[in-house]
**Student:** 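I'd like to ask some things about the structure below.
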Amino acid sequence: MQEVFNFSAGPATLPKPILENIQQEFLNYNNTGLSVVELSHRSKEFFAIRNSAESLLRELIGISDDYAVLFMHGGASSQFSMLPLNFLSKGQSADYVCTGYWSTKAYAEAKKFADINAINALENGDSYSIRPTVAWELSSNASYVHYCDNETINGIAFAELPDVKSKPLACDMTSSILMRQIDVSRYGLIYAGAQKNLGIAGLCIVIVKKELLNKVNKSIPRLYDYKRCAEESSLVNTPPTFAIYVLRLLLDWVKSEGGVDQMYRRSKENSEWVYQVLDNSQLYNNKVVKEFRSNINISFDIQDKDLQNKFLDQAESHKLLGLRGHNSVGGVRISLYNAMPQAGVQRLVEFMQDFEICNVV
Ligand code: PMP
């Protein structure tokens, strides 16, 4: 059978060796006679998995001891509520920078809990771009500034870290974590759902400055409390053990492949390949201004919707899956996470070029 390539935005493709590794040790983890999914979350075997996931993450991203690493439930969306619940008490507010679907969702959720200042930073006319930070009306009393590093649906990314003066930055890095070097010390809090670059759904990683934990509100649900979660090593209740195990395997893989720098080089190369096809095309329309193009999620459309459906159908028959754009915008979306092999990008690029030759007269 021809190899299948999965370009889905998430749950996303995983490296083959990891899937094989999981399969191989699934029934008997490390000679315990138990499957990894049967291990107690308080067993020494699980502790070893959890601790090595944390130390690998610290090493690969460069997270100092000034930050706690939390393993939480509920995906990235649950952080949309946890963040304001933890850090905004009565009368406090925060700035939310809206550049697309997910940052606007985060804003809408936070608004349920506090008086939130929305900053519309998306320039959305014939093309998409992010307004410069000098044009943002930041409020003087914001407890933090929230933004989304890479908008997964439209493929809009920040070219550099926004300058918000002395305010703590809270960042949704769900689709971009582990794909380029970041300076963690510039952030108050970073969160990322795991199902793209950190393994499988069910886990969300939170990296939070320990200093901020003293500001956490007192009366919030136990499971949402960052401070408690840090104090109890993310064992406030049963954590998503299998997802943490897969994370550990994935981080091992990233390290063995050369770490974040290597992931960045590949992602840049792969995305440039695709953008070259888009830039030389009469058929495919990508609206994002070059400076804000995502290396990770590339969205475009074909004006003739019948032809677009034909493109998606033919892509599937070439075993190029997961290319249909998000329901909210339609179109086509190519997701190039760390585990996408070069052979997948090559087949996709060749398919796109052939499709255009056959369908543009
Ligand atoms: N933020 C971003 C940037 C995302 O891409 C997604 C999911 N695609 C989410 C948040 C929501 O993630 P979850 O489904 O894990 O809640």
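When a ligand or atom number is given, it counts from 1 through the structure's own listing order. For clarity, every value in this text was computed on a predicted model and none was experimentally measured.
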**Student:** Distance alone, cut at 3.5 Å: any donor-acceptor contact between the side chains of Q308 and Y284?
**Tutor:** no
**Student:** For F311 and F300, take the angle between the two ring planes, folded into 0 to 90°, and tell me which bin it lands in: parallel under 30, tilted 30 to 60, perpendicular over 60.
**Tutor:** perpendicular
**Student:** Under 4.0 Å, counting heavy atoms only: does C148 come that close to any atom of ligand 1?
**Tutor:** yes
**Student:** Have a look at ligand 1 and work out which part of K196, if any, has a heavy atom under 4.0 Å from it: side chain, backbone, both or neither.
**Tutor:** side chain
**Student:** When you compare the side chains of Q346 and E350, does any donor N or O come within less than 3.5 Å of an acceptor on the partner?
**Tutor:** yes
**Student:** Please identify each residue that fulfils salt bridge (Lys or Arg N to Asp or Glu O under 4.0 Å) with E38, with sequence neighbours left out.
**Tutor:** none
**Student:** Tell me which part of K105 gets within contact of ligand 1: side chain, backbone, both or neither, using heavy atoms under 4.0 Å.
**Tutor:** neither
**Student:** Quick one: look up the protein heavy atom nearest atom 14 (O) of ligand 1 and list residue, atom name and how far away it is.
**Tutor:** Q195 NE2, 3.6 Å
**Student:** Given D172, D149, I177, T152, which has its nearest heavy atom closest to atom 1 (N) of ligand 1?
**Tutor:** D172
**Student:** Among protein heavy atoms, which sits nearest to atom 16 (O) of ligand 1, and what does the distance come to when rounded to 0.1 Å?
**Tutor:** S77 OG, 2.5 Å
**Student:** Of all the non-hydrogen atoms in the protein, which one sits nearest to atom 6 (C) of ligand 1, and at what distance?
**Tutor:** W102 CE2, 3.4 Å
**Student:** Using the salt bridge (Lys or Arg N to Asp or Glu O under 4.0 Å) criterion, which residues pair with R186? Sequence neighbours excluded.
**Tutor:** none
**Student:** So which bit of A201 gets within less than 4.0 Å of ligand 1, heavy atoms only: side chain, backbone, both or neither?
**Tutor:** neither
**Student:** Looking only at side-chain N and O atoms, does N297 offer a donor or acceptor that is under 3.5 Å from a partner on Y337?
**Tutor:** yes
**Student:** For G75, counting its heavy atoms only, list the atoms of ligand 1 lying under 4.0 Å from any of them.
**Tutor:** 15 (O), 16 (O)
**Student:** Is S175 close to ligand 1, meaning an N/O of one under 3.5 Å from an N/O of the other?
**Tutor:** no
**Student:** In terms of relative ring orientation, are F80 and W102 parallel, tilted or perpendicular, with 30° and 60° separating the classes?
**Tutor:** tilted
**Student:** Considering only protein heavy atoms, which is closest to atom 12 (O) of ligand 1, and at what distance to one decimal place?
**Tutor:** A76 CB, 3.5 Å
**Student:** Over 60° means perpendicular and under 30° means parallel, so tell me whether Y107 and Y96 are parallel, tilted or perpendicular.
**Tutor:** tilted
**Student:** Is there a polar contact, in the sense of an N or O pair closer than 3.5 Å, between S78 and ligand 1?
**Tutor:** no
**Student:** Taking distance alone, with no angle check, do F80 and ligand 1 share an N/O pair under 3.5 Å?
**Tutor:** no
**Student:** Any side-chain donor paired with an acceptor under 3.5 Å for N150 and S294?
**Tutor:** yes
